[in-house]
Protein chains: 2
Amino acid sequence: MTKPLTRRQQEVLDLITGTLASHGYPPTRAEIAQALGFRSANAAEEHLKALKRKGVIEMIPGASRGIRVVNHEPANSATASEPATETQGLAVIGQVAAGSPVLATEHIDHYCPLPADFFSPRADYLLRVKGLSMRDAGILDGDLLAVHRTSDVRNGQIVIARIGEDVTVKRFERSAKGIRLLAENPDFEPIIVDPSEGFDIEGVGVGIIRGDNGQGLH
Amino acid sequence: MTKPLTRRQQEVLDLITGTLASHGYPPTRAEIAQALGFRSANAAEEHLKALKRKGVIEMIPGASRGIRVVNHEPANSATASEPATETQGLAVIGQVAAGSPVLATEHIDHYCPLPADFFSPRADYLLRVKGLSMRDAGILDGDLLAVHRTSDVRNGQIVIARIGEDVTVKRFERSAKGIRLLAENPDFEPIIVDPSEGFDIEGVGVGIIRGDNGQGLH
DNA sequence: TCATTGACTGTAATTGTATCCAGTATTTTA
DNA sequence: TAAAATACTGGATACAATTACAGTCAATGA
């Protein structure tokens, strides 16, 4: 988890969810400012940016009322008494905090009802992909990448690597000159690995799952 | 009860609830127009006024996205009528023979151990994608496309369409001039639909699964 | 046959909103 | 103790969005 919210930030978040519940749409910056007594809409803007940094909301640039409250816990109501069957599926890893093991429980967003042997080789967990650096390999922002934990990777494979404190998904290339991690998007430069920085292969990509909830793919 | 909604009005209402579910806030007039293929936002405005007259929505004057869907019946979430396909999972459709229904048993390649509600809206079957015409949408040759059967599709959605005897996956675009199916790859030309040829929407894409057996992704 | 309604196109004025910039003060963290 | 983050004021601007007005076209019912 990231930093906890400050009291004021919690008030802003509560106002957003409250407005959503009572009005059916999120508030504007001006409405937040008015409700909480700010004289400037910019105060609201900065609170929203802080909430976004802490991952509790999303902001849609340019869209009026473009605020989405991110739902961390599934909070399922219908299947209240699920008898804790061992079939909890694959863990979905969201934002990975700097410098901690990928599979630490605090990163687990939810579980996906998939058997581990759905992919081959076996998938150990699912990683939510951020950014478009692998766009041309058909891996888009928000996709779930099925990861098989191994350090035994080959040239051309899509690997999950840790460089220093960052986790990244790239195509692997080892030559006499060393290791390079290649993006599949001309907007991104290849990463030349400096082993002294701390470098690890976390695993290899064995599958992709994409599912846009609600409206179909876009 | 007031007058029932016209088909078009129902589509507008569905779009509003759909946007609410997927984005967390209602659409603007311009977004409604874009999604349903109107050239004028005023068409959306007039549909909204009609929906308001019939009591299914409220409009908040002056507020952007100021649309509230009025809830008459609670519409309990208990999913009563499950299609009972839970046991064998989703059918994977391979090569579809010319001029026969997609879901005919002879096309079923195998079954995939996935619950139908893994995707939202519900996936009815998986279609193995041939070719690279949707490459830039992150849909590659051999991917499994999760398909929700419906003929109610909106502009910009990825649809599964039948033209004459061919089944194809494309981005849907309806305007005053007619229907076009757009590839997501500059090497492919848009398809202008000639309704006399026989044209059907089979469904809408709701997810993607890719898993290269054996060697990881390539 | 004419008025009405539904379903639009197109233009445009006005207002709503996001979002930047430049400050100030206080509190937290390194 | 300096740097960073929090919590604002105030102003400005460009774009987003609502919504009125003026039409067109087709179907429907009186």
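Sequence lines set the chain letters: A, B, ... in the order given, protein chains first and strands last, and positions in each chain run from 1.
We find that B:Glu46 and B:Lys49 are not joined by a salt bridge, their nearest charged nitrogen and carboxylate oxygen being 4.0 Å or further apart.
Contact check of residues 36-44 of chain B against DNA chain D (heavy atom, cut-off under 4.0 Å) returns B:Asn42. For the contact set between residues 22-31 of chain A and DNA chain C, defined by any heavy atom under 4.0 Å, the members are A:Thr28, A:Arg29.
Comparing C:dC8, D:dA17, D:dA7 against the side chain of A:Ser64 picks out D:dA17 as the nearest.
Between the P atom of C:dG16 and the CD1 atom of B:Ile60 lies a distance of 14 Å, rounded to the nearest Å. For the pair B:Leu51 CG and C:dA7 C1', the computed distance is 13 Å after rounding to whole Å. Going from atom CG of A:Leu5 over to atom P of D:dT6 covers 10 Å, rounded to whole Å. Taking atom CD on A:Glu11 and atom P on D:dT6, their separation rounds to 16 Å, with Å as the unit. Distance CZ (A:Arg65) to P (D:dC15): 21 Å, rounded to an integer number of Å. Computed from coordinates, the B:Lys54 NZ to C:dT5 P distance equals 12 Å when rounded to whole Å. Put simply, NZ on B:Lys52 is 12 Å from C1' on D:dT19, counting in whole angstrom units. Rounded to an integer number of Å, the gap from B:Glu46 CD to D:dT18 C1' is 13 Å.
Checked by atom type and distance alone, the side chain of B:Asn185 pairs as donor or acceptor with a backbone atom of B:Leu132 at under 3.5 Å. In this structure, the side chain of B:Arg210 does not engage the main chain of B:Asp143 through any donor-acceptor pair within 3.5 Å.
Annotation for A:Pro186 and A:Asp136: closest pair CD-OD2, 3.4 Å, computed over non-hydrogen atoms. Of all the heavy atoms in B:Ile67 and B:Pro27, the pair that sits closest is CD1-O, 3.6 Å. In plain terms, the two heavy atoms of B:Arg154 and B:Glu11 that are nearest each other are NH2-O, 4.4 Å. For the pair B:Phe199 and B:Val193, the tightest heavy-atom approach, listed with the atom from each and the gap, is CG-CG1, 3.5 Å.
For the side chain to side chain contact (heavy atoms under 4.5 Å, CB included) test, residues two or more places apart in sequence or in another chain that qualify with B:Ser64 are A:Ser64, A:Arg65.
Residue A:Gln34 places its CD atom among 12 or fewer non-hydrogen atoms of other residues, nucleotides or ligands, all under 6.0 Å distant.
Between the side chain of A:Glu45 and the base of C:dC20, no donor-acceptor pair under 3.5 Å is found.
For the pairing with B:Val147, the side chain to side chain contact (heavy atoms under 4.5 Å, CB included) check across B:Asp124, B:Leu126, B:Leu127, B:Val206 returns one residue only, B:Leu127.
The side chain of A:Arg8 contributes an N or O atom lying less than 4.0 Å from OP1 or OP2 of D:dC8. Note on B:Lys49: a side-chain N or O is less than 4.0 Å away from OP1 or OP2 of D:dA20. Between A:Gln9 and D:dA5, a side-chain N or O to OP1/OP2 separation shorter than 4.0 Å is absent. OP1 or OP2 of D:dA7 lies within a sub-4.0 Å distance of a side-chain N or O belonging to A:His47.
In terms of position along DNA chain C, the nucleotide closest to B:Ala50 lies nearer the 5' end than the nucleotide closest to the other residue of the pair B:Ala50 and A:Pro61.
At a threshold of 4.0 angstrom between heavy atoms, the contacts of A:Ala63 are confined to the sugar-phosphate backbone, with no base atom among them.
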